Every structure is written in structure tokens, then in C-alpha cells.
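Everything quoted here is computed from the prediction, not taken from an experiment. The sequence lines fix the lettering, A, B, ..., with proteins before strands; numbering per chain opens at 1.
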Amino acid sequence: MALTNEKRIATYLRGLRKALRGLPRARGQEIVGAIQSHIESELEGLPQPVSETQILEILDRVGDPDEIAAKAREEFGVSTGRVGVAEIGAVILLPLGGVLLPFIGWIIGVVLLWVSSLWTTREKLLGTFVVPFGLALPLYLTVFAVGVSSTTTCVGGPVEVIRGSPGARSDIGTMPECISSGATTFSWPIVPILLAVGSIAMTIYLVRKLYARTRAPSAL
Amino acid sequence: MVPGEGMMLAQLRKGALEYCVLALLRDGERYGFELARTLGEVDGMVTSEGTLYPLLTRLRRDRLVASRWEESLTGPPRRYYHLTSRGQAALDDFIREWRRFRTAVDHFMEEAG
């Protein structure tokens, strides 16, 4: 039945797509497309309607998705090799870049992360977004929160201040100290600590991946 | 077959396969399915036809081959592959090295009896 045949092929291609996960997206798509085209070319040459057995034979000849993915990984997978400037730079600048060289440092770290060929796209995404700006973010929040709370004495209502000479009007309720900023609404110090831990944990994660890849050639 | 032999054959095949693909394109362009079929017909070259495609994708990336799309009368559009000048040069290099290697190995095989 045509429906079953289509389903079989669709299932096969789905399995192939799954097996190719982790590879650069464009390459994976190209391979799936090429194999889909290959299967269609096979079907073209056969008298219709095509039997289920023939479909199975065709899929057999095309091969096991895992085998194809293994070959693809050989060609396009994360390379194994030596740790270089890019990797060392990324590992240092991702957590510390924002602190050492404000604004620029972390961005350079991200660029080095993505330039490197020793991490997968997924790992690079994690390294970029967990935690953005690295340790600079919790550090900034800490400084900001401490700064705010030291100037915010907004307890007990407006502060009466007498300006100028006696007899002049006193300003009430216009003191900037009473402006409540967003910083005082988050639960300090949990958030900066979590962010710092997250950033350090992510750096350790990236280092471990590097270690694995520069040890065993094909044991990804 | 001794287990070690299987691996050795796989390694040899791995190294030579891309040059076999380049050689097939020497006389003109071919589309993927054609290449897969031709390689599959020769015993010992490919384990499965599908494994050709990652290789083709990589050859394109490395600019050893280039491709173009052509509408097919009977089916979906086909991607036709052809050799680039870079690919031709790589093939020529390989042929030279391969002949030297083959001669050397044959020499020792004959000696061994």
C-alpha cells in the first residue's frame, strides 16, 4: 500500500535526522535531502505500485541511519585535536572577560568559543547563554545591589531636610533616596550566587569536553 | 575473516573512497544516485549506499567537487556533481601516490611468496 510505503520512508528519514543531531545543521539537512532524493530515484526506476518488500530492500541498501551518521560525524563532526589559543582564551574570557576587560572581554570570549572547532554547536550555545557576561553579571549585580542599598534609606517615610537658611521652606518628600529601584526587589544574595555558580559550572563543563576530545581520538 | 582484517580493510577503503568518487567524475558530471549505484556495484567499496552522501557533502565543502541542480522529467530535481580544478589536482596527486604505493606493496607481496 502506498501509504505504508510512504510511512516507512518517512520513519526512516526521521530516524536519520535524529541520528544526525549534533552535527552542523546545514550539513545534516543536506545529507537527509540527498538521501531522500536517492530513495526517490530508486523508486522512479521501479514499476508502480512498489511493494513493501522492495521498499525494505531499498532502505536496506541505503543503509543503517547510525552508520550514515557515523560517517557524517567522521566528515563533519567535532574535530579532535590540540587545545589552542582559541580554546584557552574562551575558557578564560567567558567567565572572567567581563571582569578583566569590561564589555569587550566577554565578547572576545564568545567569539573564540564559536571559532573553535573543539566544541559542538550545542555546547557553544550553552557556553554563550549560561551565564551571559560570565562572572561579571553576578559581580555587577552585587556591586549594584550594595550600592543601592547603601543609598536607599527609604524606611519610615519621607525624610525631612531643611535647606537653606532657617525660615526657608523645607523640602519634604522630594529626596531621591526614596526612589525604589528594581534592584531592591530581587532576593539578594541568592541570584548573584546562583549566577556565579552557573558560570563556573559552565566553564568546568566546557573544559571537561575539551579534555575528553584531546584525549581519545574517536571516543566522543 | 579475522577481526583485524575487517578493520584494516575499512581503513584502506576509507582512505581511497573519496578518490574513487573523484575518479568517477573524471569523465563528466554525475548525479548522486548514479555514483552510489556505480560504487555499490564494485565489491568491497561501500558498506551502504547512504554513506556516500556525507562524503559528497564534505567534498563539496572542501571544493573538490561542485554541484548544480537540474530538473528531472521523471522525478524530483537532481543534483549533478562535477570535478573542480582543485578536485582534479587532488585526484592527479593521488593517482601518482597510489601507483607508487601499489608498486611498493606488490613488490613485497611477491617477495613474501
[X] atom [atom1], neighbour heavy-atom count above 12 within 6.0 Å:
X	atom1	result
B:R68	CZ	yes
B:F101	CZ	no
A:I104	CD1	no
A:Y140	OH	no
B:R102	CZ	yes
A:F133	CZ	no

Out of curiosity, [X] [atom1] to [Y] [atom2], how far, rounded to the nearest 0.5 Å?
X	Y	atom1	atom2	result
A:S41	B:Y31	OG	OH	5.5 Å
B:T57	A:E30	OG1	CD	4.0 Å
A:E42	B:E49	CD	CD	5.5 Å
A:E75	B:R61	CD	CZ	8.0 Å
B:F33	A:I35	CZ	CD1	13.0 Å
B:Y53	A:Q36	OH	CD	12.0 Å

Subject >> Atom of B:P77, atom of A:S37 and distance for their closest heavy-atom approach >> reply: O-OG, 4.0 Å
**OP:** Check whether any side-chain heavy atom of B:P54 lies under 4.5 Å from a side-chain heavy atom of A:I68, and answer yes or no.
**Re:** yes
Original post:
Most heavy-atom pairs under 4.5 angstrom with chain A, which of B:R58, B:R60, B:R78?
Top reply: B:R58
Original post:
For B:L56, is it the side chain, the backbone, both, or neither that has a heavy atom closer than 4.5 Å to a heavy atom of chain A?
Top reply: neither
